[in-house]
Q: 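Handing you this structure, nothing more for now.
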Amino acid sequence: MLTNKIIAHRGASNCAKENTIEAYEKAIEFGADFIEFDVRITKDGVLISHHDPMIANQAISQLSFAEINCIAGHQGFRVPTVEEVLRLSRNRIKLAVELKEEGYEEKVMALVMEYIKIDDFVILSFNVSSLRWIKLNYPKVKTGLLLSKKKNNFLIILLRVFGIWVFHKLIRLTPDILALHWETLKFGLLKIAAKQGKPVFVWTVNDQKMIGELLNDNRVHGIITDKPDLARQLLANALRARYANSGQWSAVSGQQT
């Protein structure tokens, strides 16, 4: 079954500045299933949507929200608050919320839970301690552990050697989803996850051939991409082909094939 979800990486970041309202509006327009966005906190305690720890060679954590947007304004964009993202997306699209740092999990969760239904978001992070805190305090919230060779290769080695359940015991965390960088797929992690029923997101997939292959791989539950418009078109084409081959009613064209 083609059950893969299309997750717009920092919004439709191929068409608009990443992590901006414009990119998120485009993701909704293109029919993405989720928006993935990054969360950081400013010096004055405002939760913002921004990927890098720095802006114009200055640390986000050492700048106020107003100072950050003064700098951003000179670069031609605006940094939104997390609350703005939640208001925009509520009842329109699901969210994959990435926590970039430790220490403000409680503040993020209180805000997200105020706006978004529990089934309409997942919390992603490289930080095991952040995901542990969320699972302890919000056990029904879905979490996803991000894995890449660059950030946490040791965890990938543990997963390959010991498998899912021992891996969980060793890190004292049971994430609902494994979010794998596409380069880690060569280590057989999809097979390991599928064998024990663990859903997988793959990031960041922008190559057309790879998007097509992963859309047809039932071990993959979500594709995180800068190109949600391309992914949506490839998925529609695959669905048309499937319905045409089976002679079933086409959900895409609304005609019998």
Side-chain angles (χ1 to χ4, degrees), residues 5-101 104-105 107-116 120-126 144 146 148 179 181 201-206 211 222-233:
K5 300 300 182 185
I6 295 169
I7 305 165
H9 184 235
R10 307 175 196 168
S13 51
N14 64 322
C15 296
K17 173 70 176 176
E18 66 179 40
N19 278 310
T20 62
I21 295 299
E22 292 78 12
Y24 302 146
E25 288 279 16
K26 280 290 184 183
I28 294 170
E29 177 186 332
F30 291 150
D33 298 296
F34 283 76
I35 289 169
E36 183 273 346
F37 72 99
D38 305 295
V39 178
R40 293 191 181 274
I41 195 165
T42 66
K43 184 178 180 180
D44 52 343
V46 179
L47 293 170
I48 62 170
S49 173
H50 194 267
H51 178 267
D52 295 344
M54 311 283 285
I55 186 169
N57 297 316
Q58 299 182 69
I60 291 289
S61 61
Q62 298 303 308
L63 296 169
S64 70
F65 179 61
E67 289 169 331
I68 289 167
N69 266 313
C70 181
I71 295 169
H74 285 102
Q75 297 180 7
F77 70 100
R78 181 180 175 278
V79 175
T81 66
V82 169
E83 188 166 14
E84 288 177 279
V85 180
L86 300 177
R87 286 175 176 168
L88 171 72
S89 59
R90 180 167 52 183
N91 299 322
R92 299 178 71 193
I93 192 169
K94 295 184 178 184
L95 295 174
V97 183
E98 182 180 345
L99 304 185
K100 302 301 290 185
E101 301 151 317
Y104 47 81
E105 297 87 353
K107 189 167 185 173
V108 170
M109 288 306 303
L111 189 58
V112 173
M113 294 289 283
E114 179 182 347
Y115 283 92
I116 309 297
D120 286 348
F121 72 93
V122 58
I123 301 293
L124 304 178
S125 189
F126 285 103
L146 289 157
S148 75
H181 187 268
F201 289 172
V202 181
W203 58 278
T204 301
V205 187
N206 291 324
I211 292 173
I223 299 170
I224 301 176
T225 178
D226 297 332
K227 302 175 178 179
D229 49 341
L230 173 61
R232 178 56 64 195
Q233 184 58 53

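Side-chain atoms are counted along with the backbone in the values below, which use heavy atoms only and exclude waters and symmetry mates.
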Q: Under the side chain to side chain contact (heavy atoms under 4.5 Å, CB included) criterion, do D229 and N14 qualify, and how do the steps go?
A: CA-CA 9 Å; D229 49 341; N14 64 322; 3.3 Å; yes

Q: Sequence neighbours excluded, which residues qualify as side-chain contact (heavy atoms from CB on, under 4.5 Å) partners of A16?
A: E22, A23

Q: One pair to check against side chain to side chain contact (heavy atoms under 4.5 Å, CB included): L95 and L86. What are the steps and the verdict?
A: CA-CA 9 Å; L95 295 174; L86 300 177; 3.6 Å; yes

Q: Start with the C-alpha gap between F121 and S89, add the side-chain angles, then the distance that decides, and say whether side chain to side chain contact (heavy atoms under 4.5 Å, CB included) holds.
A: CA-CA 10 Å; F121 72 93; S89 59; over 6 Å; no

Q: Measuring from atom CD1 of I7 to atom CZ of F37, what distance do you get when rounded to the nearest 0.5 angstrom?
A: 13.5 Å

Q: What distance do Y24 atom OH and L88 atom CG have between them, rounded to the nearest 0.5 Å?
A: 9.5 Å

Q: Not counting sequence neighbours, which residues clear side-chain contact (heavy atoms from CB on, under 4.5 Å) with K100? List them please.
A: D38, R40, H51, E98, Y104

Q: Using the side chain to side chain donor-acceptor pair (under 3.5 Å) criterion, which residues pair with E84? Sequence neighbours excluded.
A: R78, T81

Q: Report the distance from atom CD1 of I60 to atom CD1 of I55, rounding to the nearest 0.5 Å.
A: 5.0 Å

Q: Ignoring hydrogens and angles, tell me if any N or O in the side chain of S148 forms a donor-acceptor pair with the backbone of H181 under 3.5 Å.
A: no

Q: What residues form a side chain to side chain donor-acceptor pair (under 3.5 Å) with R87, not counting sequence neighbours?
A: E83, Y115

Q: If only atom types and distance count, is the side chain of N206 paired as donor or acceptor with the main-chain N or O of D226 below 3.5 Å?
A: yes

Q: Please enumerate all residues that pass side-chain contact (heavy atoms from CB on, under 4.5 Å) together with M54, with sequence neighbours excluded.
A: A59

Q: If I take atom OG1 from residue T204 and atom CD from residue E36, how far apart are they, to the nearest 0.5 angstrom?
A: 7.0 Å

Q: Any chance you could measure F126, atom CZ, to L124, atom CG, to the nearest 0.5 Å?
A: 9.5 Å

Q: So, taking the atom named CD in Q58 and the one named CG in L63, what distance separates them when rounded to the nearest 0.5 Å?
A: 5.0 Å

Q: Please report the shortest heavy-atom distance between I71 and A56, naming the atom on each side.
A: CG2-CB, 3.6 Å

Q: Excluding sequence neighbours, so at least two apart, what forms side-chain contact (heavy atoms from CB on, under 4.5 Å) with D120?
A: K94, I116, K117

Q: Do we see a donor-acceptor contact under 3.5 Å between the side chains of H50 and N19?
A: no

Q: Evaluate the side chain to side chain contact (heavy atoms under 4.5 Å, CB included) criterion for residues Q62 and E67: first the C-alpha distance (whole Å), next the side-chain angles of each, then the deciding distance (0.1 Å), finally the verdict.
A: CA-CA 10 Å; Q62 298 303 308; E67 289 169 331; over 6 Å; no

Q: Got a donor-acceptor contact below 3.5 angstrom from the K227 side chain to the I211 backbone?
A: no

Q: Which heavy-atom pair separates A27 from I35 by the least distance, and what is that distance?
A: CB-CG1, 3.9 Å

Q: A231 and T225: which non-hydrogen atoms are nearest, and at how many Å?
A: CB-CG2, 4.2 Å

